[in-house]
**Q** 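Have a look at this one before I ask anything.
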There are 2 protein chains.
Amino acid sequence: MLKLTRKVEYSLIALRHMQGKSIDSVSSTKEIATRYNIPLEILAKTLQHMAKENIIEAINGPRGGYRIKAKLKNINLAEFFEKVEGPLGLSDCFYDANCMQIEYCNIRTPIQRINANMINMFRSMSVQDITN
Amino acid sequence: MLKLTRKVEYSLIALRHMQGKSIDSVSSTKEIATRYNIPLEILAKTLQHMAKENIIEAINGPRGGYRIKAKLKNINLAEFFEKVEGPLGLSDCFYDANCMQIEYCNIRTPIQRINANMINMFRSMSVQDITN
DNA sequence: TTATATCCGATATAAATTGTCGGATATATT
DNA sequence: AATATATCCGACAATTTATATCGGATATAA
Ligand code: SF4
Ligand code: SF4
């Protein structure tokens with residue numbers, strides 16, 4: 001409960017890795033995977049996903065790889081998590097409505113409040129706060 | 001990612017239900033299950049668990065059921081989640097160490113910080129804030 | 001004695017997460 | 001042009017976690 005997924009962690013590990021390099025140099029999937037002991041294929045998917053979200057950009061071909069494209073300082077954690085994993089919410093009735101209890105639920109409103117607190121907390125931190 | 005489990009939700013629903021009744025009256029599993037459309041056996045387990053944690057107490061026999069035992073105002077949400085679901089942590093390396101990346105991980109410390117923020121947020125609210 | 005309730009280990013099912021495979025496309029280098 | 005190295009991407013498999021069910025016990029009010 002309340003855990004980050006590996007995909008998010010791998011994304012952050014990769015971003016931090018790239019952040020430590022000069023702006024124009026690229027990092028290949030293999031380089032990152034071996035460096036941090038991450039399964040290659042999964043990391044590949046993860047990086048492709050971040051590229052599609054314009055957080056990083058892909059350079060094809062040999063000597064290719066990825067480099068950071070967005071300003072990490074301007075992406076807050078709530079945004080980032082949503083880009084990588086989809087909608088955030090302590091309960092899924094906040095963005096989807098197939099809960100058997102929804103009609104009788106007596107805690108939906110209070111949990112909404114906690115949810116808002118949590119999201120605000122993530123909004124108050126940028127990706128750069130982690131990768132620096 | 002970052003979702004409460006049903007067990008936690010069922011616990012809170014039940015607590016809120018009991019809170020709305022007079023101090024000495026008890027609520028049976030069946031009563032709560034039918035009222036909120038929760039699978040009976042699961043709710044039973046959930047209530048047993050809370051009883052073992054001394055949050056509620058069980059009254060056996062016919063006309064039995066559960067009633068609130070602890071001061072909900074004095075249980076903060078972090079405590080409560082831990083009682084119901086076990087240790088809290090955005091990553092499991094914070095209370096368990098079988099992560100393939102742990103030796104090379106470059107984000108462990110920053111994530112610890114976020115984790116602390118999250119736990120503090122939950123500590124700042126009591127169960128009663130939800131059940132009231 | 002009976003009916004209604006909790007108790008609780010074992011097991012089954014479902015869903016989400018995590019990881020793998022196969023084969024495609026792009027491009028720098030030779 | 002050929003080759004090697006890289007990203008790309010859909011489909012699939014395995015694993016783990018969460019959710020739900022079953023069977024049979026114990027406690028007690030009526
Ligand atoms: S139980 Fe209540 S809060 Fe939880 S998902 Fe269902 S409606 Fe939302
Ligand atoms: S990847 Fe890093 S932060 Fe995540 S569990 Fe492993 S060691 Fe901890």
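Both backbone and side-chain heavy atoms feed into the values below; hydrogens, waters and symmetry mates do not. Letters A, B, ... are given to chains in the order of the sequence lines, protein chains preceding strands, and every chain is numbered from 1.
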**Q** Rounded to the nearest Å, what distance is computed from the CZ atom of residue A/Arg63 to the C1' atom of nucleotide C/dT30?
**A** 15 Å
**Q** Whether A/Glu9 and B/Arg108 form a salt bridge (side-chain N of Lys/Arg under 4.0 Å from carboxylate O of Asp/Glu) is what I want to check.
**A** no
**Q** Just the rounded figure in Å: distance from P of D/dT21 to CD1 of B/Ile38.
**A** 13 Å
**Q** Just the rounded figure in Å: distance from P of C/dA3 to CG of B/Asn60.
**A** 19 Å
**Q** Kindly indicate, with the supporting measurements, whether the criterion salt bridge (charged side-chain N to carboxylate O under 4.0 Å, His left out) is fulfilled by A/Lys52 and A/Glu57.
**A** CA-CA 8 Å; A/Lys52 209 172 286 178; A/Glu57 74 183 325; over 6 Å; no
**Q** Between B/Tyr10 and D/dA20, is there a side-chain N or O to OP1/OP2 distance below 4.0 Å?
**A** yes
**Q** Under the criterion side chain to side chain contact (heavy atoms under 4.5 Å, CB included), I'd like the reasoning laid out for B/Glu53 against B/His49: C-alpha separation, chi angles, the key distance, then a yes or no.
**A** CA-CA 6 Å; B/Glu53 295 288 348; B/His49 186 169; 3.7 Å; yes
**Q** Would you say the base of C/dG19 and the side-chain of A/Lys7 have a donor-acceptor pair closer than 3.5 Å?
**A** no
**Q** A/Glu57 CD to D/dC8 P: how many Å, rounded?
**A** 11 Å
**Q** Does A/Arg67 come within less than 4.0 Å of A/Asp24, counting only side-chain N to carboxylate O?
**A** no
**Q** Can you tell which of D/dT19, C/dT18, D/dC8 lies closest to the side chain of A/Ile42?
**A** C/dT18
**Q** Does atom CZ (B/Arg63) have a neighbourhood of more than 12 heavy atoms from anything else shown, all under 6.0 Å?
**A** no
**Q** Ignoring backbone atoms, test whether B/Lys30 places a side-chain nitrogen or oxygen under 4.0 Å from the OP1 or OP2 oxygen of C/dA5.
**A** yes
**Q** Just compare C/dC8, D/dA30, C/dT17 and give me whichever is closest to any side-chain atom of B/Lys45.
**A** C/dC8
**Q** Using purine N1 to pyrimidine N3 plus N6-O4 or O6-N4 for Watson-Crick, or N1-O2 and O6-N3 for G-U wobble, each under 3.5 Å, what pairs with D/dA30?
**A** C/dT1
**Q** Where the side chain of A/Ala58 is defined as all heavy atoms beyond and including C-beta, which of D/dA20, C/dA5, D/dT7 is the nearest nucleotide?
**A** D/dT7
**Q** Would you say B/Thr29 places a side-chain N or O within less than 4.0 Å of OP1 or OP2 belonging to C/dT6?
**A** yes
**Q** DNA chain D: A/Glu41 or A/Pro62, which has the more 5' nearest nucleotide?
**A** A/Pro62
**Q** Whole Å only: how far is the OH atom of A/Tyr66 from the P atom of D/dT5?
**A** 18 Å
**Q** Closest-nucleotide mapping onto DNA chain C: is B/Met100 or B/Ser27 further toward the 5' terminus? I mean the 5' end.
**A** B/Ser27
**Q** B/Arg6 has an atom CZ; how far is it from atom P of D/dA18, in whole Å?
**A** 13 Å
**Q** Let's see if you can work this out: which of C/dA5, D/dT21, D/dT7 has an atom nearest to the side-chain heavy atoms of B/Pro39?
**A** D/dT21
**Q** Please report the distance, rounded to the nearest Å, between NZ in A/Lys3 and C1' in D/dT17.
**A** 9 Å
**Q** Once you round it to whole Å, what is the distance between C1' of C/dT18 and CE of B/Met1?
**A** 15 Å
